[in-house]
Amino acid sequence: MIDRRTALRWGGGAAIGAAGLGVARAIDQGVIPILPRPGLDAWRDWNSGRHGGPLALVAAGVLASSPHNTQPWQFAVGRLGVDIFEVPERALGAMDPFGRERLAGLGAAVHNMALASTGIGRSAYVRLLPDAGNPLHIARVVLGPEGQPMAPHPLVAAIGHRHVDRGAYRGGAVAPEKVAALAATAGSPLVRIALFDAGSARGRRFADLTIDATAAIAADDDIMAASHSWFRHARRDQDRLKDGLGIFTSGVSPVIAAAGAMLPEQTPASEGRYWLASTRETALPTASLFGLILVADPWDRRSALLAGMAWQRLHLTATRAGLAAQPLNQLPEMIDRERQLGRPPGFARAADALLDDAAWRPTFALRIGNPVAPAPASPRRPVSAVIGAPARLDWDVEQARAETAAQDAALARRLK
């Protein structure tokens, strides 16, 4: 027989071994920051000003808000500007069946790039969907001459500090002047922003619909499988792929994140249960404001891009004001899902209760509040990983001819 001391020694050894494995797993998931994190280098590159000229636009673009951190972009850089292209393979499947959220992420990148142009002393204008023959060509940011005297846009400084905060907020009211600044970030007459107090009747209705939509998502095997494919369980995957979501950015406290990292990997079903619980118990009850970004047609590509630009502008404005923000897009996602499956538009009809004008439809939903602590950064692919072939030669030729024609015309006027 085994005596008590031997049993305790064996049991203690097993416990110590299990604890050691748990700590190793927490380190492997990046929760315990002992090892270097190359997945975060893109943030350091931007904040240190590593890239100059047109590459600075790309460095800003890769830090834009992105659905599930899918980063569905590729860039082509030329002397006169930067092209941005959609990468449909970096998709959310059944969660985003029409690519609406993917386009919003691309719009967010375009906005960051336009802001970044002011930091390199070059004026810029944006052409959305510039090539009718190539729908994946999302935008062209055309740069003016170098060395123009201009101050960086006030939001440029927030680019490297904007992170989605999925944790609990402190509650409390947001100052009216901050709410007004957030509400003024639509940026286009084709976009509207509606903000409402979380404790108002509309806020309570928003919370109820978001819970219902989250429950429907959690019960949808196809959506959860698509979502789960972007969850990075191990630090080595986070730093190798430099995309997706992980437990460290899930919004739980560092202590709970460390404890969770010691457990076996989540399944799509358990992830869905966690998402529903965190939405019901943390995201909704601790928010100060809820919001909707509205467009006439959520499935119009230009409108989706403009909505993403508005979200990026709003989030940068919130960051500059010391506020936390998070997308809560479960309601628009379920509107998409019902449309994809040909079901009656139950969620779309229910959303009418949140709208002043039912002709303007929700394409993006969010929460805002006072942060408890700074949100952690998510992994991002660096500039070197997202640059494709050089910008098309005919663009450079076209622009050079335009410049020459303008110079010739100016000379002709002087000679008259």
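Please read all numbers here as calculations on a predicted model, not as lab measurements.
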Chemist: Rounded at 0.5 Å granularity, tell me how far CD1 in Ile368 sits from CG in Leu182.
Modeler: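 Here the interatomic distance stands at 4.5 Å.
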Chemist: Is there a side-chain contact between Leu354 and Pro362 in this structure, where contact means two heavy atoms from C-beta onward sitting under 4.5 Å apart?
Modeler: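 Sidechains of Pro362 and Leu354: no contact.
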Chemist: A quick test of your reading: do over 12 heavy atoms of other residues, nucleotides or ligands sit less than 6.0 Å from CD of Glu146?
Modeler: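 Counting other residues, nucleotides and ligands, CD of Glu146 stays at 12 neighbours or fewer.
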Chemist: Measuring from Leu195:CG to Lys178:NZ, what's the distance to the nearest 0.5 Å?
Modeler: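 Separation between the atoms: 14.5 Å.
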Chemist: Please report the interatomic distance CZ(Arg361) to CG(Asp352), rounded to the nearest 0.5 Å.
Modeler: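 If we round to the nearest 0.5 Å, Arg361:CZ and Asp352:CG are 4.5 Å apart.
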Chemist: In Å, rounded to the nearest 0.5 Å, how long is the span from CH2 of Trp73 to CG of Leu106?
Modeler: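 The CH2 atom of Trp73 sits 7.0 Å away from the CG atom of Leu106.
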Chemist: Does any N or O in the side chain of Arg301 come within less than 3.5 Å of the main-chain N or O of Leu103, such that one atom is a donor and the other an acceptor?
Modeler: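 No; judged by distance alone, with no hydrogens or angles, the pair does not exist.
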Chemist: Rounded to the nearest 0.5 Å, what separation is found between the CG atom of Leu129 and the CG atom of Leu305?
Modeler: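 Rounded to the nearest 0.5 Å, the CG-CG separation comes out at 5.5 Å.
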Chemist: For Asp131 and Arg140, what are the C-alpha separation, side-chain angles and deciding distance, and is it a salt bridge (charged side-chain N to carboxylate O under 4.0 Å, His left out)?
Modeler: CA-CA 9 Å; Asp131 186 350; Arg140 170 171 288 169; over 6 Å; no
Chemist: Kindly compute the distance separating OG (Ser66) from CD (Glu101), expressed to the nearest 0.5 Å.
Modeler: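 Separation between the atoms: 10.0 Å.
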Chemist: Could you check Asp243, Thr70, Asn69 and say which one makes a side chain to side chain donor-acceptor pair (under 3.5 Å) with Arg90?
Modeler: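 Passing option: Asp243.
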Chemist: Are the side chains of Val141 and Val126 in touch, meaning some heavy atoms are under 4.5 Å apart?
Modeler: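 Yes. Closest side-chain heavy atoms under 4.5 Å.
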Chemist: Just wondering, more than 12 heavy atoms not from Arg381 lying within 6.0 Å of its CZ?
Modeler: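 Atom CZ in Arg381 is crowded, with more than 12 foreign heavy atoms closer than 6.0 Å.
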Chemist: Under the rule for side-chain hydrogen bond (donor to acceptor under 3.5 Å, both in side chains), what residues qualify as partners of Arg367, not counting sequence neighbours?
Modeler: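 By the side-chain hydrogen bond (donor to acceptor under 3.5 Å, both in side chains) rule, Arg367 matches Thr286, Gln326.
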Chemist: Any heavy-atom pair between the side chains of Pro379 and Asp239 that's under 4.5 Å?
Modeler: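 No, every pair of side-chain atoms sits at 4.5 Å or beyond.
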Chemist: Report yes or no: do Gln238 and Arg235 form a side-chain donor-acceptor pair below 3.5 Å?
Modeler: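 Side chains of Gln238 and Arg235: no pair found under 3.5 Å.
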Chemist: Do we get Arg339 above Trp299's six-membered ring, with its NZ or CZ under 6.0 Å from the centre and within 45° of the axis?
Modeler: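 Yes, Arg339 and Trp299 form such a contact.
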Chemist: Among residues at least two apart in sequence or on other chains, which ones pass side-chain hydrogen bond (donor to acceptor under 3.5 Å, both in side chains) with Asn370?
Modeler: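 Scan of Asn370 (side-chain hydrogen bond (donor to acceptor under 3.5 Å, both in side chains), adjacent residues dropped) gives none.
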Chemist: Out of Leu292, Leu294, Leu355, which residue meets the side chain to side chain contact (heavy atoms under 4.5 Å, CB included) rule with Trp360?
Modeler: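 Only match with Trp360 under side chain to side chain contact (heavy atoms under 4.5 Å, CB included): Leu294.
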